Amino acid sequence: MSAIILLGLRILLAGLLYGFLGLAIYTLLRDLKQQGELLAARQPPPLTLTSLVEASTQSQHYTKPEIILGREPGCDFPLDDQTVSSQHARLSYHHQQWWLEDLASTNGTFLNDEAVTTPVVITHGDELRLGHLGVRIEFGQTDHNHSG
């Protein structure tokens, strides 16, 4: 009789052990999923830049958290104009917002015709002026050339 009770206790203990392991794995997977969702929420919203030059309208779509605008070909959004500095301005995503910063450009950076002297928050539909060139900012994906 005691052998049957001992066998029953062993089966019960094994079941409890497997149940505990299953619960631990479930908890770990749930926490990993939550961490992934939190990281995804920190990703910058898509941003589209469109140059406002009549001759050739250039649009590029970005999903990265920092974009450099300037005349230098290595810039994320290159602008071919002598009034634009080699690295003219920076758009960066932090604190859940997109920010515009002038990078000590020669001819200045303007947001909706206001000079940018310190980093400022930008919104959908804002227009930048870098030297003599205009750039429109749109949040979200548009049907233009994709980049970044």
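All values below come from the heavy atoms of this structure, side chains included, with hydrogens, waters and symmetry mates left out. Only a predicted model underlies this, so the values are computations on that prediction, with no experimental measurement involved.
Considering OG of Ser51 and CD of Gln60, their distance stands at 9.0 Å, rounded to 0.5 Å. The distance from the CZ atom of Phe110 to the CG atom of Leu100 is 11.5 Å, given to the nearest 0.5 Å. Summarising the geometry, atom CG belonging to Leu128 is positioned 7.0 Å from atom CG belonging to Asp126; distances are rounded to the nearest 0.5 Å. Note that the CG atom of Leu52 and the CZ atom of Arg129 stand 12.0 Å from one another [nearest 0.5 Å]. The CG atom of Leu9 lies 12.0 Å from the CD1 atom of Ile4; values are rounded to the nearest 0.5 Å. From Leu23, atom CG reaches atom CG of Leu28 across 9.5 Å, with rounding to the nearest 0.5 Å.
Each of Thr48, Thr123, Thr50, Leu47 was evaluated against Ile137; a single residue qualifies, Leu47, per the side-chain contact (heavy atoms from CB on, under 4.5 Å) test. Evaluated for a side-chain contact (heavy atoms from CB on, under 4.5 Å) with Leu69, the options Leu49, Asp76, Leu133 yield exactly one hit, Leu49. The one candidate from Asn107, Thr83, Leu79 that meets the side-chain contact (heavy atoms from CB on, under 4.5 Å) condition with Leu130 is Leu79.
More than 12 heavy atoms of other residues, nucleotides or ligands shown are found within 6.0 angstrom of CG on Leu12. Within a 6.0 Å radius of CZ in Arg10, other residues, nucleotides and ligands contribute 12 heavy atoms or fewer. Residue-environment remark: CG (Asn112) exceeds the threshold of 12 foreign heavy atoms within 6.0 Å. The number of heavy-atom neighbours closer than 6.0 Å to CD of Glu114, taken from other residues, nucleotides and ligands shown, is 12 or below.
No donor-acceptor pair under 3.5 Å is formed between the side chain of Arg90 and the backbone N or O of Glu101. The main-chain N or O of Phe139 is found under 3.5 Å from a side-chain atom of His124 such that the two form a donor-acceptor pair. With hydrogens and angles disregarded, no donor-acceptor distance shorter than 3.5 Å links the side chain of His88 to the backbone of Ile68. Judged by distance alone, with hydrogens and angles left aside, the side-chain atoms of Asp102 form no donor-acceptor pair with the main-chain N or O of Thr117 at under 3.5 Å. Between the side chain of Ser85 and the backbone N or O of Thr106 there is at least one donor-acceptor pair closer than 3.5 Å.
Nearest heavy atoms, Trp98 versus Pro44: CZ2-CB, 3.7 Å. Across all non-hydrogen atoms, the minimal contact from Ser86 to Cys75 is O-SG, 3.2 Å.
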Could you go through Gln82 and Arg71, starting from their C-alpha distance and side-chain angles, then the distance that decides it, and tell me whether this counts as side chain to side chain contact (heavy atoms under 4.5 Å, CB included)? CA-CA 8 Å; Gln82 293 302 313; Arg71 191 177 69 237; 4.1 Å; yes
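By the 30° and 60° cut-offs, the orientation of the rings of Trp99 relative to His94 is parallel.
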